[in-house]
Structure formats: C-alpha cells, structure tokens
Amino acid sequence: MSLKKITISGTGCALCDFLYDKVSFESSAFRKYLSKKTGDGGLDPGKLVFTEELEKFSGCSFEQILKDISDGARPAGFNVGGPSLVSLIHASQMLEKDDFEVRFFGISGKDETSELIFRIIKNTPLDSSHYLPSSSRATPFTDVFSDPHYNNRQGERTFVNNIGAAWDYSPDMLSDDFFNSDIVCFGGTALVPQVHDNLTELLQKAKKRNCITVVNTVFDFRNEKQSPHKPWPLGKSKASFGLIDILIMDQVEALRISGQDTLSNAALFFGSSNVSSFIITNGPEDVWAWSEGRFFRKSKLVKLPVSEKVKSDMKCRPELRGDTTGCGDNFAGGVIASAAMQLKTKKPGHLDIIDAVSLGIASGGFCCYGLGGTYTEKAPGEKREKVMDLRKEYLKQIDR
C-alpha cells in the first residue's frame, strides 16, 4: 500500500466551451456549411474544425456563420472545456485531496474568456498554479453546437475551435516539476501543436522519470487537413506507442491514428503497436479495452456496454437530459482517477482495466445530466458520491 500522496500532472487542450444546445443538424442553415470531402474545412457532426478553416471553406466570416447556425441566439451557457483540463478537473473531484494531488500545466490569454475559466476552476480541487495567463493571443475557445435529436435521439455535437494562445505553448514550458509526478497525462494535444509534435520526446522524458503515462486524444483537424489519407501521428514516430501506459480514444480517433478502416482492425493494430493498454469509446455503443499486462493486468479485448440507467434516463426522462459535451473527457478523467486509486494498493501490472473503464463509463454517463463537461459542486465530494452511485448500478449491470 502506498502511504505517500500520489501526484497527477497533465497538459494539453484547455479552453472555454460556448454551448449552443438546440441546433438542428438537419436545418438548411447548418447544412449549407457541411463538409463535402475530408479535411475541406466544413462542418461534420461529431468532429472538430478550426474557425479560420471554416471561414475559408464557406467564404463567410465566422460571425455570420454563427448567426446563421444559432439563428442569432446567444449561447445557452459556457463552461470549462478541453480534453486535458476537463478530465483533470473531473479526476480531482473523484479523488481525496489528502491522498492525491491533481495539477494542470498550460497557457491562456489575458482576456474575459480566461477570467471565465479561472472563475470556474477556483471552485474545483484542481491545482491550477501552473496554468498561466501569459499569451498575447486570445484564450482558446470552442463553439459547441449540440443537436439532442441527432443520431436517433442519442444526440451529437459539432465543434468549431479557435486555437489562440495554445499556439504559444511549447515543451520547454513544461518544467521539471511536471515530470516529478506519479502519473502524467497528455490530453487533446492535437489542439496544442508544439506539444503534440514533440509528444514522443515528452513521453520519453516521462518514462525516464518512471512516470505512468496517459494519452487521451482529440480530433486532429490539422493533420487531417494536411494528410487526409495518412494515419494521424502521435509525436514524431511510432515509438510513442510503446511509451504510453493508457491510450484513450474515440472511434474516429482510433481509426485515423491506426489508419485502419474498421474498429476490429484498429484494435489489432494497437494490440501490436507496443502500447501498454488502450480504450476506445464509441458514443452510446460498447467501449473496447485491451491490456498487454505492463500496467493493467493482461486482458484480452473486452467490449463493455454503456450505462443502461443513463440511457434509460436520457430516453424516458427528458427533464434530466443535458447534452453530451464533455462526456468523453469525463470518461478519461474517470479512468485516470481509477488508475490513481488502484495505485494506492497495487503495483503496475496488477491493476484492473475493467475497474478503470467502469469508473470512466459512470463518469461520462453522469456528464449527460448537465450542460458542458465541468460540474460545479455544491459541496466537496458531491460529484464523487453521485458518480460512485452510478458506478454501483453499472457494476450490477455487468455482474461485477
């Protein structure tokens, strides 16, 4: 049993989400901006595009595009977003502060958007002392368009991202303190270009310090546009895979990173890539997980269903329905939290990947009950209690 405090440090995508929750992807206003071919800069449900690329594709200013799509409505809300920041906030809410420390390293601009972000973070257990408003560029933000009726009423989102200050964040800004951690997490680095392009070297440095490494991915529009027929890179070489203890992707990301045309082939690719373990989410469909045995116990490929309770609530109790923004990021945060909790009592090679995925599923499911990925607690431990209740229900569902 580990008596020392476990430190989790992460970097990657951090931004403000502006949420538009009643957009119809079937409307003529939305459809005129739809992508016609891969990487052309048009909108694509479930995927991300950069503001400037959408403007080039459409020949319109984003101000006009936003007015068309939202029908002039203001955002239904705003929230902290980004695969790194949201997952780490969630992990910090799942873990006891006496035993765990969760820290985020990153950069923002000096503007109203950053003030919104820091105001929300201040009410979470996350250590943001390494998250600095030091760029002259705008704080990164994403306009999130949500259609709750899309995909047979399962809901879907479309993202338009402004990278802004994230262009300025470079690997040399990650101090030695970042690597003085038990677990290091790289989340959505495709939206932090200098970190993403140097991911191999950063993972190597983490492994030299004996850190557990987690990579959770995001749609990589930059590489999709540059090389639409080539697999997306993680760093400079495939050596990155062998340096990753937990690789978390959604279906699209898994297919594009592997360069395969089916999830089965993608799973075979990752299983032979020397990655220690991988987890693939797919919206309301099964979660796929596999472990080689270095971090989690060896596990053949397993397919785990999503929470039936959450699916039932979303279908039968519309008053409880929020949107799916941040579900994947909270899923990753749940996996990170489970890994950290298990490290208190188990050594690498003995952890349970089903335990990690089940907390991920409960965490992602809980996110469906609200708008946006970051939940502001009324009291410390409130979210942990609610997520753990969902997890108990889920473990009954899968007979664990």
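Nothing here was measured: the structure is a model prediction, and the numbers come from that model.
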Separation between CG of L320 and CG of D313, rounded to the nearest 0.5 Å |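 Going from CG on L320 over to CG on D313, the span is 5.5 Å.
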To the nearest 0.5 Å, atom CG of D44 lies from atom CZ of F221 at 10.0 Å
Does the pair F241 and F269 meet the rule for a ring-ring contact (aromatic ring centres under 6.0 Å, His included), with working shown?
-> CA-CA 11 Å; F241 293 115; F269 170 87; 5.8 Å; yes
Between the side chains of [X] and [Y], does any donor sit under 3.5 Å from an acceptor?
X	Y	result
S338	D355	yes
D177	S175	no
S9	R103	yes
N162	T51	no
D40	S35	yes

What do you reckon, are the aromatic ring centroids of F50 and F159 less than 6.0 Å apart?
-> no
Quick check, are the ring centers of Y375 and F366 under 6.0 angstrom apart?
-> yes
Within a reach of under 6.0 Å around NZ of K386, are more than 12 heavy atoms found that belong to other residues, nucleotides or ligands?
-> yes
Would you say E112 has more than 12 foreign heavy atoms packed within less than 6.0 Å of its CD?
-> no
Please test H149 against S24 for side-chain hydrogen bond (donor to acceptor under 3.5 Å, both in side chains), starting from the C-alpha separation and ending with a verdict.
-> CA-CA 8 Å; H149 302 292; S24 171; over 6 Å; no
Qualifying residue, where the test is side-chain contact (heavy atoms from CB on, under 4.5 Å) with I117 and the options are F141, F78, Y131 =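 Of the listed residues F141, F78, Y131, the side-chain contact (heavy atoms from CB on, under 4.5 Å) partner of I117 is Y131.
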V310 pairs by side-chain contact (heavy atoms from CB on, under 4.5 Å) with which of C368, C327, C367?
-> C368
Under 3.5 Å, which donor-acceptor pairs link side chains of residues 228-238 to any protein atom two or more places apart or in another chain?
from	atom 1	to	atom 2	distance (Å)
W232	NE1	E224	OE1	2.7
K236	NZ	D197	O	3.4
K236	NZ	N198	OD1	2.7
K236	NZ	E201	OE2	3.3
S237	OG	A239	N	3.1

Please tabulate, one pair per line, all N/O donor-acceptor pairs under 3.5 Å involving side-chain atoms of residues 275-289, not counting sequence neighbours.
from	atom 1	to	atom 2	distance (Å)
S276	OG	F295	N	3.4
S277	OG	D245	O	2.6

Is there a donor-acceptor contact under 3.5 Å from the side chain of Q260 to the main chain of L255?
->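 Absent.
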